[in-house]
Visitor: 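Take this structure first; my questions come after.
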There are 2 protein chains.
Amino acid sequence: MLDELHELVEARLRRTDQRYTAGRRAIIALLATAGNPVSITEIARGLPDLPRSSAYRNLVDLESAGVVRRVVAHDDFARFELAEDLTEHHHHLLCVACGKVTDVTLAARVERNLSAAIVEMAGAEGFRPHGHRLDILGLCSACA
Amino acid sequence: MLDELHELVEARLRRTDQRYTAGRRAIIALLATAGNPVSITEIARGLPDLPRSSAYRNLVDLESAGVVRRVVAHDDFARFELAEDLTEHHHHLLCVACGKVTDVTLAARVERNLSAAIVEMAGAEGFRPHGHRLDILGLCSACA
DNA sequence: CTACTTGCAAATGCTTTGCAGGAGA
DNA sequence: TCTCCTGCAAAGCATTTGCAAGTAG
């Protein structure tokens, strides 16, 4: 399961002559286990031996290899998650008070309607949609 | 039309003992005219006599007064727009190449379905939704 | 061996803040 | 006149980068 993921990541990195080093592997493992987008601070806490600068650089590389996606939350911290095609299509609950991000999925029927509406609407604007992100803003159970 | 907006903004600022000064008024007018979220850089260009530090401070105040909303795009620049209840509920086309943001609205039926699905789903997570934002990522007509 | 990576430290650049003077009510 | 606001300049702080040493293949 995790092994397959690692192989896939390695293959995508190879496409641009990038190597799947220990640090990168550790980041991917962390993201895969987290189940939520992870901030740099959390990465630093989870991987104390990985310098921040390396984490940043690795994340840039992983992002450009198409295996990691940057998520913008409501605080000032970048967060990262595995790319959509390595996980399930999902959306985020963003707590406006504490910045916490939780993954959620929408009912398939709603998601289908939404995608169709987006394609139609974007087309009318001459915009080529690659995907969408739906963030639900509010208060998490801890902050409510 | 713009006058009504100014009155409303002034009233909301008064609620927290804030004043509707020339700089703030200029920012609101600019946001109201723009029709798109506006970056600090664009504000600085549009209002050359307003120092950046004042713009930032004003935007913080306007945001906490509930008349302005911060929009996070895909580049490193904060963008701002009028709060939702001063405009129409809408979403954004985000160009991943140039960072351009375009306002769009979804068909009312889709929007209704979506809202209902969100309320239901968030409730199940113990999350209190205040609203949602839907960003459609892709390439604008200029970058395609 | 030849790139690609790493770690440290220094730099970048958007954003925030301290402080003294200015202005709204 | 009492606060709130402004402008400038000086931080703050997440993120990026230069460079020399390390390492994967």
Side-chain angles (χ1 to χ4, degrees), chain A residues 6-7 9-30 37-80 98-99 101, chain B residues 6-7 9-30 37-65 67-80 99 101:
Chain A
H6 282 311
E7 273 180 44
V9 171
E10 183 163 20
R12 293 208 189 163
L13 284 170
R14 281 244 180 73
R15 293 200 301 221
T16 47
D17 291 314
Q18 297 184 319
R19 295 164 189 168
Y20 199 28
T21 59
R24 295 176 182 179
R25 187 177 291 266
I27 289 175
I28 292 296
L30 199 160
V38 176
S39 66
I40 287 280
T41 312
E42 291 165 328
I43 292 176
R45 190 177 318 122
L47 307 173
D49 293 333
L50 184 69
R52 274 177 141 74
S53 65
S54 295
Y56 278 113
R57 258 193 289 227
N58 284 332
L59 287 163
V60 168
D61 296 337
L62 291 167
E63 191 178 11
S64 66
V67 290
V68 159
R69 179 168 82 158
R70 188 180 297 246
V71 176
V72 182
H74 241 202
D75 50 19
D76 287 328
F77 300 91
R79 285 157 193 265
F80 300 87
C98 70
V101 182
Chain B
H6 282 312
E7 273 180 42
V9 171
E10 183 163 20
R12 292 208 189 163
L13 284 169
R14 281 246 179 72
R15 293 201 301 222
T16 45
D17 290 313
Q18 297 185 319
R19 294 163 191 168
Y20 199 29
T21 59
R24 295 177 182 180
R25 186 176 292 265
I27 290 175
I28 292 297
L30 198 161
V38 176
S39 67
I40 286 279
T41 311
E42 291 165 328
I43 292 177
R45 191 178 316 123
L47 307 173
D49 293 336
L50 184 69
R52 273 178 142 73
S53 64
S54 295
Y56 278 113
R57 258 193 290 226
N58 284 333
L59 287 163
V60 168
D61 296 336
L62 291 168
E63 191 178 12
S64 65
V67 291
V68 160
R69 181 168 81 158
R70 188 180 298 247
V71 176
V72 182
H74 242 205
D75 50 20
D76 286 327
F77 300 92
R79 285 157 192 264
F80 299 86
V101 183

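Computed from a predicted model, the values in this text were never measured in an experiment. Computed over heavy atoms, backbone and side chain alike; hydrogens, waters and symmetry mates excluded. Proteins come first, then strands; the chains are lettered A, B, ... in the order of their sequence lines, and each starts at number 1.
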Visitor: With a 4.0 Å cut-off on heavy atoms, is B:Phe77 in touch with a base, just the backbone sugar-phosphate, or nothing at all?
Guide: sugar-phosphate

Visitor: Whole-Å distance between D:dA14 P and A:Phe80 CZ?
Guide: 14 Å

Visitor: Do you know the tightest heavy-atom contact between B:Pro37 and B:Arg79?
Guide: CB-CB, 3.9 Å

Visitor: Hey, is the side chain of B:Arg52 pairing donor to acceptor with the base of C:dT15 inside 3.5 Å?
Guide: no

Visitor: Atom CG of A:Leu13 to atom P of D:dG25: distance rounded to whole Å?
Guide: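 From A:Leu13 CG to D:dG25 P: 11 Å.
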
Visitor: To check you understand the geometry: which heavy-atom pair defines the closest contact between A:Gly23 and A:Asn58, and what is its length?
Guide: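 Distance-wise, the nearest heavy atoms are C-ND2, 4.2 Å.
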
Visitor: Let's see if you can work this out: which of D:dT16, D:dC8, C:dA25 has an atom nearest to the side-chain heavy atoms of B:Pro51?
Guide: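 For B:Pro51, the side-chain atoms sit closest to D:dC8.
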
Visitor: Taking the side chain of A:Gln18 as heavy atoms from C-beta outward, which of C:dT15, C:dT5, D:dT15 is closest to it?
Guide: C:dT5

Visitor: In this structure, how many angstroms lie between the P atom of C:dG13 and the OH atom of B:Tyr56, rounded?
Guide: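 So the two atoms are 13 Å apart, to the nearest Å.
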
Visitor: Return the value, rounded to whole Å, for the distance between atom CD1 of A:Ile27 and atom P of C:dT5.
Guide: 12 Å

Visitor: In whole angstroms, how far is the P atom of C:dT17 from the CG atom of B:Asp61?
Guide: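 Those two atoms, CG and P, are 11 Å apart.
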
Visitor: Taking B:Val68 as the fixed residue, which of B:Ile28, B:Val9, B:Ile27 is the one that meets the side chain to side chain contact (heavy atoms under 4.5 Å, CB included) rule?
Guide: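 Going through B:Ile28, B:Val9, B:Ile27 one by one, the side chain to side chain contact (heavy atoms under 4.5 Å, CB included) with B:Val68 is satisfied by B:Ile28 alone.
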
Visitor: Report yes if a donor N or O on one partner sits less than 3.5 Å from an acceptor N or O on the other, where the partners are the side chain of B:Arg19 and the base of D:dC4; otherwise report no.
Guide: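 It does, because a donor-acceptor pair links the side chain of B:Arg19 to the base of D:dC4 below 3.5 Å.
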
Visitor: Over how many whole Å does the gap from B:Ile40 atom CD1 to C:dT16 atom P extend?
Guide: 8 Å

Visitor: In whole Å, I'd like the distance from the CD atom of B:Glu10 to the P atom of D:dC4.
Guide: 16 Å

Visitor: Look at all strands and tell whether A:Asn58 reaches a base, only sugar-phosphate, or nothing, counting heavy atoms closer than 4.0 Å.
Guide: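 Sugar-phosphate, backbone atoms only, no base.
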
Visitor: Under 4.0 Å from OP1 or OP2 of C:dG7: is there any side-chain N or O of A:Ser53 that close?
Guide: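 For A:Ser53, the contact criterion (side-chain N or O under 4.0 Å from OP1 or OP2 of C:dG7) is not met.
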
Visitor: Does C:dT5 have its OP1 or OP2 closer than 4.0 Å to a side-chain nitrogen or oxygen of A:Thr21?
Guide: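 It does not, given that no N or O in the side chain of A:Thr21 lies less than 4.0 Å from OP1 or OP2 of C:dT5.
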
Visitor: I would like to know whether A:Val60 and A:Arg70 meet side chain to side chain contact (heavy atoms under 4.5 Å, CB included); could you show each step before the answer?
Guide: CA-CA 9 Å; A:Val60 168; A:Arg70 188 180 297 246; 4.3 Å; yes

Visitor: How close or far is atom C1' of C:dG7 from atom CG of A:Leu47, stated in whole angstroms?
Guide: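 That distance rounds to 16 Å.
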
Visitor: Does the D:dG18 base have a donor-acceptor partner in the side chain of A:Arg57 within less than 3.5 Å?
Guide: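 Under the 3.5 Å cut-off, the side chain and the base do form a donor-acceptor pair.
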
Visitor: Assign each of A:Tyr20 and B:Arg70 to its nearest nucleotide of DNA chain C by heavy atoms, then name whichever residue's nucleotide is nearer the 5' end.
Guide: A:Tyr20

Visitor: Identify which nucleotide among D:dT6, D:dT16, C:dT6 has an atom closest to any side-chain atom of A:Val60, counting heavy atoms from C-beta outward.
Guide: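 In terms of side-chain proximity for A:Val60, the closest of D:dT6, D:dT16, C:dT6 is D:dT16.
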
Visitor: Between B:Ser54 and B:Leu50, what is the shortest heavy-atom contact and its length?
Guide: CB-CD1, 3.9 Å

